[in-house]
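This report concerns only the one structure given below.
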Amino acid sequence: MGLLIRNIKGLVQVEDDPRPKVSGKDMSAFNYISDAFLYLEKGRITDFGSMSHLPGRQKDSKYVVSQEIDATGRFVFPSYCDSHTHLVYSGSREKEFADKIRGLTYEEIAKRGGGILNSANKLRETSEEELYNQSYERIREIISMGTGAVEIKSGYGLTLTDELKMLRVIRRIKETSPVEVRSTFLGAHAVPEEYKNNRGKYVDLIIKEMIPAVASENLAQYIDVFCDRGFFTPEETERILAEGAGYGLIPKIHANELDFSGGVQTGVKNHALSVDHLERTGAVEIEVLSGSETMPTLLPGSAFFLGLPDPPARQMIEAGLPVALASDYNPGSSPSGNMKLVMSLACIRLKMLPEEAINAVTINSAYAMGLSSTHGSIARGKVANVFITKEIPSYEFLPYAFGSNLIDTIILRGEIIN
Ligand code: NIG
Ligand code: FE
């Protein structure tokens, strides 16, 4: 019993032989079938092809169709994979938004006790139940915008109790929502006020208490450190990652947002799955990434919101690197989880081609969260996470029409969500 989508104007990002990621020149293309069908069964993608090859309805047909959608004039995409978010948080920070407009920088706001520490204060006063409710609204919102898999970080707790509270909320979201969720422990997001004059003690707390507690409840797959000027040094980062590695936590690093911080080098050296942000990236960092398995992940929403220099996406792609894109959905630097807008920003500001942006929000971002064998493309056996657009002229129209909601139908795990 399955769902047949027929007369699809364009089926985007199709793979007969699924690849883990797409790099360099290959990023400017993907397989595409016009006038296509797609068949989903038991939550998986079972078959696809051109309408002229759609088997008839004879009794022995391999398709037992229980539901059918006519997608005339419309495109089908694999759901977005958003490999970097902080969407579990309490409240919002629009007062700092106004401070930024008046001229303060992100770092100046952080130094005054705003920024991450402001969100940490709010989160500590919020119950687990309330935090879940606020965060689940954001999950509903990103589902409606086409996201089918999301990575969520802790990092606004900054005490053992509150970091565990965040990670339990992430686990509950994973258990109760139809999106695929990956969880990252980010105790090293900022040094809390109470450790300002003794940062080593906070790093010790992460290493000696937080990491073992997180691991013993199996609350995270990944470990992150904000390895940047004013936050954590490469040496502190290495200590934290080494401890995490002992518990099987794979690194995904915040790197090179505010400075040439050594974050990229530290991430690659410690076999990070991804290094993210990269606004301050030059030839040396690109060289270090070449030949590694680490996915450079760009977050153009936060560069846009904070007015940071744009990361050098073109140089990366021309050097043969893969590039992933993610939203960084968080209250301080990117209060949006809109992956379609992320694609538009990548095209407009980073000069990525529409095809490169589409590869970067699907297969490459799936890789950056360890999911590219099950998500990120239309391939037989992969999880049936797709969306159907409204009637549009071409797939390029998606990043081009940057302010329009062009999604008509969302399907997650083979079920229509609306
Ligand atoms: O990815 N750069 C560090 N962390 C977040 C911002 C978090 C915040 O400001 O609340 C980011 O931009
Ligand atoms: Fe982030």
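Counting starts at 1 for both ligands and their atoms, in listed order.
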State the atoms of ligand 1, each with its element, that fall below the 4.0 Å cut-off from a heavy-atom position in H84.
1 (O)
Near H86 (heavy-atom distance under 4.0 Å), the atoms of ligand 1 are 1 (O), 4 (N), 5 (C), 11 (C)
the protein heavy atom lying closest to atom 12 (O) of ligand 1 turns out to be S333 OG, 2.5 Å
Side chains of E96 and N118, donor plus acceptor under 3.5 Å:
yes
One finds that the ligand 1 atoms under 4.0 Å from a non-hydrogen atom of H254 are 1 (O), 2 (N), 3 (C), 4 (N), 11 (C)
Please write down residue, atom name and distance for the protein heavy atom closest to atom 11 (C) of ligand 1.
D328 OD2, 3.1 Å
Identify the protein heavy atom lying closest to atom 10 (O) of ligand 1, giving its residue, its atom name and the separation to 0.1 Å.
Y156 OH, 2.6 Å
Heavy atom of the protein closest to atom 9 (O) of ligand 1 (residue, atom name, distance)
Y106 OH, 2.6 Å
Hey, do the aromatic rings of Y32 and Y395 have their centres closer than 6.0 Å?
yes
Which ligand 1 atoms, with their elements, are less than 4.0 angstrom from a heavy-atom of R93?
8 (C), 9 (O), 10 (O)
So, H86 versus Y329, ring centres under 6.0 angstrom or not?
no
Students should be able to answer this: which protein heavy-atom is nearest to atom 4 (N) of ligand 1, and at what distance?
H189 NE2, 2.8 Å
What protein heavy atom lies closest to atom 2 (N) of ligand 1? Include the residue and the distance to one decimal.
E257 OE1, 2.8 Å
Would you say the Fe ion (ligand 2) has D224 as a near neighbour, meaning an N/O/S atom of that residue under 2.8 Å away?
no
Using a strict cut-off of 4.0 Å, indicate which atoms of ligand 1 neighbour a heavy atom of I116.
7 (C), 8 (C), 9 (O), 10 (O)
Evaluate the side-chain proximity of F77 to F75: yes if any heavy-atom separation is below 4.5 Å, no if none is.
yes
Does H86 put an N, O or S atom under 2.8 Å from the Fe ion (ligand 2)?
yes
Is it possible for you to check whether R168 lies under 6.0 Å from the centre of the six-membered ring of Y132, through NZ or CZ, and within 45° of that ring's axis?
no
At the Fe ion (ligand 2), what's the angle from H254 NE2 to H84 NE2, rounded to 10 degrees?
90°
What is the name of the N/O/S atom in D328 that sits closest to the Fe ion (ligand 2)?
OD1
Starting from atom 3 (C) of ligand 1, what is the nearest protein heavy atom, named by residue and atom, and what distance separates them?
F226 CE2, 3.2 Å
No-hydrogen, no-angle side-chain donor-acceptor test under 3.5 Å, E141 and Y136
no
Compute both the distance and the angle, then confirm whether R182 meets the cation-pi test with Y222: under 6.0 Å from the six-membered ring centre, within 45 degrees of the axis.
no
Residue pair E293 / Y367, side-chain heavy-atom distance below 4.5 Å
yes
Do H84 and H277 meet the criterion of a side-chain donor-acceptor pair at a distance under 3.5 Å?
no
Is there a donor in the side chain of D224 and an acceptor in the side chain of T184, or the other way round, less than 3.5 Å apart?
no
